[in-house]
Amino acid sequence: MKRVLNQPTGSLFESLPATQRTEALAPGAAILRGFATDIAPQLLAAIRDVTSHSPFRHLVTPGGFTMSVAMTNCGESGWVSDRTGYRYDPIDPLSHQPWPAMPDVFRKLASDAAAAAGFADFRPDACLINRYDPGTKLSLHRDYDERDATAPIVSASLGVPATFQWGGLRRNDRTRRVPLEHGDVVVWGGPSRFVYHGIASLKESHHSLTASQRINVTFRKAR
Ligand code: MD6
Ligand code: FE
């Protein structure tokens with residue numbers, strides 16, 4: 001088996017297939033480069049199916065700002081924001097129906113990626129899907145609304161590349177800029193679970209599967 005240069009023998013990531021490149025981001029956080037590339041067309045087909053029932057929409061923050069990222073969800077509960085606050089809700093406030101079920105290809109990706117990064121038995125119950133058009137950004141934030149802080153978050157990037165901003169446990173900690181490309185999967189938990197992070201304004205670019213857009217799929221254990 002061919003070994004990748006940054007994947008030393010005996011490391012935590014030894015069981016990864018040789019085609020994946022793993023980068024440690026911080027304790028508890030890793031980027032699995034290209035982990036979702038092969039199944040990206042299936043993921044995008046499943047996302048089209050989800051959005052035919054629960055379309056992408058721009059949520060309003062409790063402070064009254066409309067988010068530039070368009071969002072939807074699948075799974076047992078979905079992350080929503082409105083003037084009353086942030087919450088996980090089993091009902092889509094737009095369709096007034098339960099969120100579409102989480103596709104099997106999503107569940108498998110989430111648990112395989114978590115296991116590859118050292119988090120065994122990850123079973124997400126919520127999946128937030130984010131859509132970025134050129135100029136869209138996601139301000140520095142922490143993911144704080146999940147009940148189970150021991151579970152990691154798994155996040156897959158599809159389409160045009162973006163710059164991920166990775167900070168620290170305090171809002172004012174300095175941030176690193178990390179490029180994320182089509183097929184990259186980020187897993188974070190443990191000591192990194194409440195790190196501040198964001199996405200810089202998306203640059204004009206083109207990807208054969210998503211045109212000018214970037215799609216991000218994040219899996220959580222919310223309840
Ligand atoms: C994004 N991701 O990549 C935004 N949050 O579009 C997130 O905000 C995020 O990737 C928690 C864990 C992983 C993430
Ligand atoms: Fe986040």
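Just so it is clear, the values below take in all heavy atoms, side chains as well, and ignore hydrogens, waters and symmetry mates. Whatever order the structure lists them in is the order used to number ligands and atoms, beginning at 1. This is a predicted model, so every value here is computed, not measured.
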Residue [X] vicinity, atoms of ligand 1 by number, heavy atom under 4.0 Å:
{"X": "Ile153", "result": "11 (C), 12 (C), 13 (C)"}
{"X": "Arg214", "result": "1 (C), 3 (O), 6 (O)"}
{"X": "Asp143", "result": "5 (N), 11 (C)"}
{"X": "His141", "result": "8 (O)"}
{"X": "Leu138", "result": "4 (C), 8 (O)"}

What protein heavy atom sits nearest [atom], and how far off is it?
{"atom": "atom 2 (N) of ligand 1", "result": "Asn216 OD1, 3.8 Å"}
{"atom": "atom 9 (C) of ligand 1", "result": "His197 NE2, 3.3 Å"}
{"atom": "atom 10 (O) of ligand 1", "result": "Ser155 OG, 2.6 Å"}

Please report whether ligand 1 has a polar contact with Trp188, defined as an N or O pair separated by less than 3.5 Å (distance criterion only). no
Judging by distance only, is a nitrogen or oxygen of Tyr132 under 3.5 angstrom from one on ligand 1? yes
With side chains defined as the heavy atoms from C-beta onward, is the minimum distance between [X] and [Y] less than 4.5 Å?
{"X": "Val60", "Y": "Met67", "value": "no"}
{"X": "Val160", "Y": "His182", "value": "no"}
{"X": "Asp173", "Y": "Tyr196", "value": "no"}

The criterion is side chain to side chain donor-acceptor pair (under 3.5 Å); which residues satisfy it with Arg107, sequence neighbours excluded? none
Which is it for Asn73 and Ser54 under the side-chain hydrogen bond (donor to acceptor under 3.5 Å, both in side chains) test, yes or no, and what are the steps along the way? CA-CA 7 Å; Asn73 294 274; Ser54 286; over 6 Å; no
One checks the Fe ion (ligand 2) and counts protein N, O or S atoms under 2.8 Å, reaching 3
Looking at ligand 1, would Val186 count as a contact under a 4.0 Å heavy-atom criterion? no
Can Lys221 and Asp125 be counted as an ion pair, charged N to O under 4.0 angstrom? yes
Ring centres under 6.0 Å, that's the criterion: do His197 and Trp188 meet it? yes
Do Arg214's NZ or CZ and the ring of Tyr132 fall within the cation-pi criteria of under 6.0 Å and 45°? yes
Test of understanding: given a 4.0 Å heavy-atom threshold, classify the contact between Leu180 and ligand 1 as side chain, backbone, both, or neither. neither
Test applied, ring-ring contact (aromatic ring centres under 6.0 Å, His included); reference residue, Tyr144; option that passes from Tyr86, Phe194, Trp79, Tyr88: Phe194
Taking atom NE2 as the centre, does His207 end up with more than 12 heavy-atom neighbours from other residues, nucleotides or ligands that are less than 6.0 angstrom away? yes
Rounded to the nearest 0.5 Å, how far apart are CZ of Arg177 and CZ of Phe164? 12.5 Å
Measuring from atom OG of Ser205 to atom CD of Gln213, what distance do you get when rounded to the nearest 0.5 angstrom? 12.5 Å
